[in-house]
> 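What follows is a single structure, and I will ask about it in a moment.
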Amino acid sequence: SRMGAAIVAFAITSASLALLVGQGAVVMDGGTVMNVWPWVPSLGLNLGFRLDGLSMMFAGLILFIGLLIIVYAHFYLSAKDSAAKFYSLMMLFMSAMLGIVLSDNLLLLVVFWELTSLSSFLLIGYWGHRADARAGARQALAVTGGGGLAMLGGFVLLGQIAGTYELSAMAANAAAIQSNALFLPALLLILVGAFTKSAQFPFHFWLPDAMAAPTPVSAYLHSATMVKAGVFLLMRLYPVLAGSGYFEAIVTAVGLITVVFAAFVAIFKHDMKGLLAYSTISHLGL
C-alpha cells in the first residue's frame with residue numbers, strides 16, 4: 001500500500017539516523033569510527049568506511065532531510081504514481097549518498113558516486129510519460145556519469161602516486177603526492193568530476209533541466225544532497241590536494257564565476273523551479 005511504502009522508508013531512515021546519532025559521542029570527542037573489510041585486495045579495493053566530523057555532518061543532512069522528503073512525498077504523489085517505485089529509488093539514492101560521505105577508499109567512493117548518477121537518472125525520469133523528464137534524465141546521466149568516469153581516472157592516478165587508495169593514509173603523504181609529475185592531471189580529472197556533480201560552470205546546464213522531476217526529487221537531489229557531493233569531495237580531499245596552488249586557483253575561479261553567473265540568471269527566472277535551480281547553482285559556487 002502507499003502508506004505501507006512510506007512507513008517502511010520512514011522506519012529505515014529513522015533507524016539509520018538513530019545509529020548515526022549513537023556514534024555522535026565518539027565523533028564529538030574528536031574520534032573516528034573506522035570499519036574495513038577486504039573486497040578486491042588485488043586492486044587495492046576495500047570496503048572501508050570512516051565516520052568523522054565531516055562525514056557525520058553530511059550523513060546527518062542526508063538522513064534528516066530524507067525523513068522530511070519521505071513524509072512530503074507521501075502527500076505529494078498522486079494515486080496514479082507508484083509509491084513503491086518512488087520510495088525504492090529514493091532509498092537507493094540515499095544509500096549511495098551515504099556511501100559517498102562514509103567511504104574511506106577512493107575506488108569504493110567511485111562505485112557509490114556512479115550509483116547516485118544512476119539512481120538520479122531513474123528519479124528524474126520518474127514521470128516517463130513526459131518528454132522533458134526523459135530528456136533531463138538522459139542529460140543528467142551523461143554529464144554526471146561522464147564526470148564520474150573522469151574522476152575515476154584521477155583517482156587511479158592519485159592512487160598510483162600515493163601507493164594506496166585509502167584516504168586516511170593519503171593525507172600523511174600530501175607533500176610527496178603534490179611533487180609528482182602526475183599530480184596536476186590527477187587534480188584536473190578529479191575537479192571535473194566534482195564540478196559536474198555540483199553543477200559548476202560550465203557544467204551547470206544539466207541542473208535546470210533536471211527540475212522536470214517530481215518536486216520531492218528536485219528538493220532532495222538537486223537542492224539538498226546530490227549536488228553537495230562535489231562540494232563534499234573537495235572538502236574530503238582538501239588535505240591531499242590543497243597547498244599546491246593549482247587547487248586554490250582553479251576552485252576559486254570556477255566558484256566565483258558560478259556565483260555571479262548563476263545569480264544573474266536566477267534574477268530573470270519567473271518559474272519557481274528555474275529560480276531554485278539557478279540560486280542553488282550560485283550557492284554551490286559560493
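We're numbering straight along the sequence, starting at 1.
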> Do Ser198 side-chain atoms and Gly230 backbone N/O form a donor-acceptor pair below 3.5 Å?
yes
> Working to the nearest 0.5 Å, report the span between CD of Gln160 and CG of Asn180.
10.5 Å
> Phe195 and His204: ring pair (Phe, Tyr, Trp, His ring centres under 6.0 Å), yes or no, with the steps?
CA-CA 8 Å; Phe195 292 158; His204 64 282; over 10 Å; no
> Report, as yes or no, whether the 6.0 Å neighbourhood of atom CZ on Phe112 holds more than 12 heavy atoms from other residues, nucleotides or ligands.
yes
> Please identify which of these residues, Val251, Leu256, Thr258, meets the side chain to side chain contact (heavy atoms under 4.5 Å, CB included) condition with Val254.
Thr258
> Scan the side chains in residues 12-39 for donor-acceptor partners under 3.5 Å anywhere in the protein, sequence neighbours excluded, and list what turns up.
residue, atom, partner, partner atom, Å
Thr13, OG1, Ala9, O, 2.8
Ser14, OG, Phe10, O, 2.7
Ser16, OG, Ile12, O, 2.9

> Is there a side-chain contact between Val265 and Ile281 in this structure, where contact means two heavy atoms from C-beta onward sitting under 4.5 Å apart?
no
> Can you establish whether the number of heavy atoms outside Phe64 located under 6.0 Å from its atom CZ is more than 12?
no
> Pairs of donor and acceptor atoms involving the side chains of residues 132-143, under 3.5 Å and at least two apart or interchain, shall be tabulated with distances.
residue, atom, partner, partner atom, Å
Asp132, OD1, Arg130, NE, 3.2
Asp132, OD2, Arg130, NH2, 2.8
Arg134, NH1, Gly128, O, 2.7

> Does the gap between the ring centers of Tyr165 and Phe155 come in under 6.0 Å?
no
> Kindly write out the residues that satisfy side-chain hydrogen bond (donor to acceptor under 3.5 Å, both in side chains) with Ser88, not counting sequence neighbours, or none if the list is empty.
none
> In this structure, would Met211 and Ile124 fall into the same cluster of hydrophobic residues linked by side-chain contacts under 4.5 Å?
no
> In Å and rounded to the nearest 0.5 Å, what is the CG to CG distance from Leu122 to Leu118?
7.0 Å
> Counting heavy atoms not belonging to Tyr72, are there more than 12 under 6.0 Å from its OH?
yes
> Using the side-chain hydrogen bond (donor to acceptor under 3.5 Å, both in side chains) criterion, which residues pair with Asp52? Sequence neighbours excluded.
Ser55, Arg236
> Any donor-acceptor pair under 3.5 Å linking the side chain of Tyr87 with the backbone of His74?
yes
> Say whether, by atom type as modelled, one donor and one acceptor occur between the side chain of Trp113 and the main chain of Met97 under 3.5 angstrom.
no
> Test your reading of the model: is there a side-chain donor-acceptor pair from Ser179 to the backbone of Ala176, 3.5 Å cut-off?
yes
> Evaluate the side-chain proximity of Phe86 to Leu77: yes if any heavy-atom separation is below 4.5 Å, no if none is.
yes
> Would a 4.5 Å heavy-atom cut-off, applied to side chains only, mark Met94 and Thr225 as touching?
no
> Could you tell me if the side chain of Tyr278 sits less than 4.5 Å from the side chain of Leu207, heavy atoms only?
no
> For the hydrophobic clusters of this structure (ILVMFWY residues joined by side-chain heavy atoms under 4.5 Å, transitively), does one cluster hold both Leu184 and Val240?
yes
> According to side-chain hydrogen bond (donor to acceptor under 3.5 Å, both in side chains), who are the partners of Asn105, at least two apart in sequence or on a separate chain?
Glu166
> Are Thr144 and Phe121 packed together at the side-chain level, in the sense that at least one heavy-atom pair is separated by less than 4.5 angstrom?
no
> Can you hop from Phe264 to Val259 via hydrophobic side chains spaced under 4.5 Å?
no
> Can you find a side-chain donor-acceptor pair between Lys197 and Ser117 that sits under 3.5 Å?
yes
> Report, as yes or no, whether the 6.0 Å neighbourhood of atom CE on Met57 holds more than 12 heavy atoms from other residues, nucleotides or ligands.
yes
> Applying ring-ring contact (aromatic ring centres under 6.0 Å, His included), name anything that partners Phe93, two or more places apart in sequence or on another chain.
Tyr220
> Check the pair Leu106 / Leu237 against side-chain contact (heavy atoms from CB on, under 4.5 Å), numbers first and verdict last.
CA-CA 10 Å; Leu106 286 179; Leu237 291 176; 4.2 Å; yes
> How about Phe247 and Leu234: do any of their side-chain heavy atoms sit closer than 4.5 Å?
yes
> Membership question, hydrophobic clusters at under 4.5 Å side-chain separation (ILVMFWY): are Leu152 and Leu182 in the same one?
yes
> Do Leu187 and Gln178 touch side chain to side chain, with heavy atoms closer than 4.5 Å?
no
> Would you call the rings of Phe58 and Phe232 parallel, tilted or perpendicular if under 30° counts as parallel and over 60° as perpendicular?
perpendicular
> Would you mind reporting whether Leu284 and Lys228 have side-chain heavy atoms less than 4.5 Å apart?
yes
> Is it possible for you to say whether Met3 and Met91 belong to one hydrophobic cluster, with membership spreading through side-chain heavy-atom contacts below 4.5 Å?
no
> Distance-only, no hydrogens or angles: does the Glu248 side chain make a donor-acceptor pair with backbone N or O of Gly243 under 3.5 Å?
yes
> So with a 6.0 Å cut-off around OH of Tyr76, is the heavy-atom count from everything else above 12?
yes
